[in-house]
Amino acid sequence: MIESGQTYRRSEKKKYSNEPGRSVSRYLAFFIAIALMMVAGTYALKNTILNVKVAVAEVTKTVYVKQATSTLNSVVAALASQNNIPTSLTANLVTKEQVKTDLATVTRNIYAGKSEIIDSSLIKKQIEKNLTKKATNVGIATDNVVYQSAQNTFLSGMSTYITTKINATPAAKLPKVIVNVKKTTNLIFIIGIIAFVVLSLLLIIHDRSVFRLSYYWGISAIWGGIVLAASAFLIGNSEIPNKVASAADQASGLIGTLLQTTFEQIQSYGLILLGVGVVLFVLGLLRRIMR
């Protein structure tokens, strides 16, 4: 005679023997976690430091516009004095509105990958217009040969200075760098999505259970979120952002702010991933509760 305890153990053994192997599911969950980190991390980059709208909004803030205007006006005044142009005409010759527009244009050109990130002829025309207006207001004739010669020499020197100065800074290399980083980021983003879909299909085929799928998705999201958020927090609070930003010379403050925003965004996405993972994990546990 078979005892009831033996019957129960056999039935339980048979039930668990029908369940798919957990080791395969765990391997799939591990790689799904990596895929989720790839997607979340690159998505954060695409929406922060690699987003031209975000960069333009940051670079045209009052503090950077004011700094750029002051620097440019100092250069203009120095070059003007070398060409015997009265200082009364060169004081605050470049306006903040013009500089703000120029900074936005330069930023868009950089993100578009253009080799010529600044149109020196446009700035030359802006300065010429402002200079002529000031000269007219103080009663200086602008149609005589002497004035025209001094003005042309000054504007030509200004244009050459701007081009030379830009080419000597890291900004000249940024278009190529930005384009390459954007391509790499988009590639990783696409690979991450494809990997997530394929691995999830394999998990569905292997586990054949919505609850098990939710359970392992939850584990993947939890670990992926923890690693992503922790990494972003540690890197964002290290010296790495400062070292990268310092290479940008006068734009170090701007680059530092963009990097900080980026790491904060990645950290936020990591925490969101963690939260979603917890929900999926709890839903996955319902299968055990319902037994």
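- The shortest side-chain heavy-atom distance between T42 and T185 falls under the 4.5 Å cut-off.
- Distance check, rounded to the nearest 0.5 Å: CZ of F233 to CG of L271 gives 10.5 Å.
- Using a distance-only test at 3.5 Å, with no hydrogens or angles considered, no donor-acceptor pair links the side chain of N109 to the main chain of K114.
- Between Y215 and L280, the closest side-chain pair of non-hydrogen atoms is not below 4.5 Å.
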Would S209 and Y216 satisfy side chain to side chain donor-acceptor pair (under 3.5 Å), going step by step from the backbone distance to the final call?
CA-CA 11 Å; S209 169; Y216 285 109; over 6 Å; no
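- Cluster membership for I191 and Y43, using ILVMFWY side-chain heavy atoms within less than 4.5 angstrom, is shared.
- Of all heavy-atom pairs spanning A44 and I266, the tightest one is CB-CG1, 3.4 Å.
- Partner K176 forms a side-chain contact (heavy atoms from CB on, under 4.5 Å) with one of I178, N180, V179, L174 and no other, that one being N180.
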Walk me through whether M38 and I34 qualify under side chain to side chain contact (heavy atoms under 4.5 Å, CB included).
CA-CA 6 Å; M38 291 169 63; I34 295 176; 4.1 Å; yes
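- Separating the CG atom in D102 from the OG1 atom in T60 is a distance of 12.0 Å, to the nearest 0.5 Å.
- Test L228, L234, V227 against S231 for side-chain contact (heavy atoms from CB on, under 4.5 Å) and you get one pass: V227.
- Within the 4.5 Å cutoff, no side-chain heavy atoms of T101 are placed close to those of E97.
- Scanning all heavy atoms of the two residues, the minimum distance from V278 to I222 falls at N-CG1, 3.7 Å.
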Evaluate T261 against Q265 for side chain to side chain contact (heavy atoms under 4.5 Å, CB included), listing each step before the verdict.
CA-CA 6 Å; T261 302; Q265 188 78 318; 5.5 Å; no
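- In this structure a side-chain-to-backbone donor-acceptor pair under 3.5 Å is missing from S156 to T153.
- A distance of 10.5 Å separates CG in L259 from CD1 in I240, rounded to the nearest 0.5 Å.
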Walk me through it: do N242 and E239 pass the test side chain to side chain contact (heavy atoms under 4.5 Å, CB included)?
CA-CA 5 Å; N242 293 332; E239 290 298 317; 3.5 Å; yes
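- Residue Y27 places its OH atom among 12 or fewer non-hydrogen atoms of other residues, nucleotides or ligands, all under 6.0 Å distant.
- Heavy atoms only, all atoms of each residue included: K182 and L50 are closest at CG-CD2, 4.1 Å.
- L199 and V210 sit in two unconnected hydrophobic clusters of ILVMFWY residues. Membership requires side-chain heavy atoms under 4.5 Å apart, directly or through other members.
- In this structure, the separation between OG on S214 and CD1 on I219 is 10.0 Å, given to the nearest 0.5 Å.
- When atom types are taken as modelled, the side chain of S220 and the backbone of A29 share a donor-acceptor pair closer than 3.5 angstrom.
- Side chain of T107 to backbone of L103: a donor-acceptor contact under 3.5 angstrom is found.
- For the residue pair G236 and P241, the shortest heavy atom distance occurs at O-CG, 4.0 Å.
- Of the inter-residue distances, the one linking I255 atom CD1 with E58 atom CD reads 9.5 Å to the nearest 0.5 angstrom.
- Put simply, V59 and L122 are part of two different groups of oily side chains (I, L, V, M, F, W, Y) that touch within less than 4.5 Å, one to the next.
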Go through the steps for I193 and F196 under the test side chain to side chain contact (heavy atoms under 4.5 Å, CB included), then give the verdict.
CA-CA 5 Å; I193 291 178; F196 173 75; 5.8 Å; no
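- R212 approaches S25 most closely through the heavy-atom pair NH2-OG, 3.5 Å.
- Under the 3.5 Å distance criterion, with hydrogens and angles disregarded, a donor-acceptor pair is assigned to the side chains of Y64 and T257.
- To the nearest 0.5 Å, the span separating CD on E264 from CG on N237 amounts to 9.0 Å.
- Remark: the backbone N or O of L93 is paired with a side-chain donor or acceptor of N130 at under 3.5 angstrom.
- Linking ILVMFWY residues whenever their side-chain heavy atoms come closer than 4.5 Å, directly or via other members, places V63 and L254 in the same cluster.
- At least one donor-acceptor pair closer than 3.5 Å links the side chain of N73 to the backbone N or O of V94.
- Closest approach of L273 and G225 over heavy atoms only: CD2-N, 3.7 Å.
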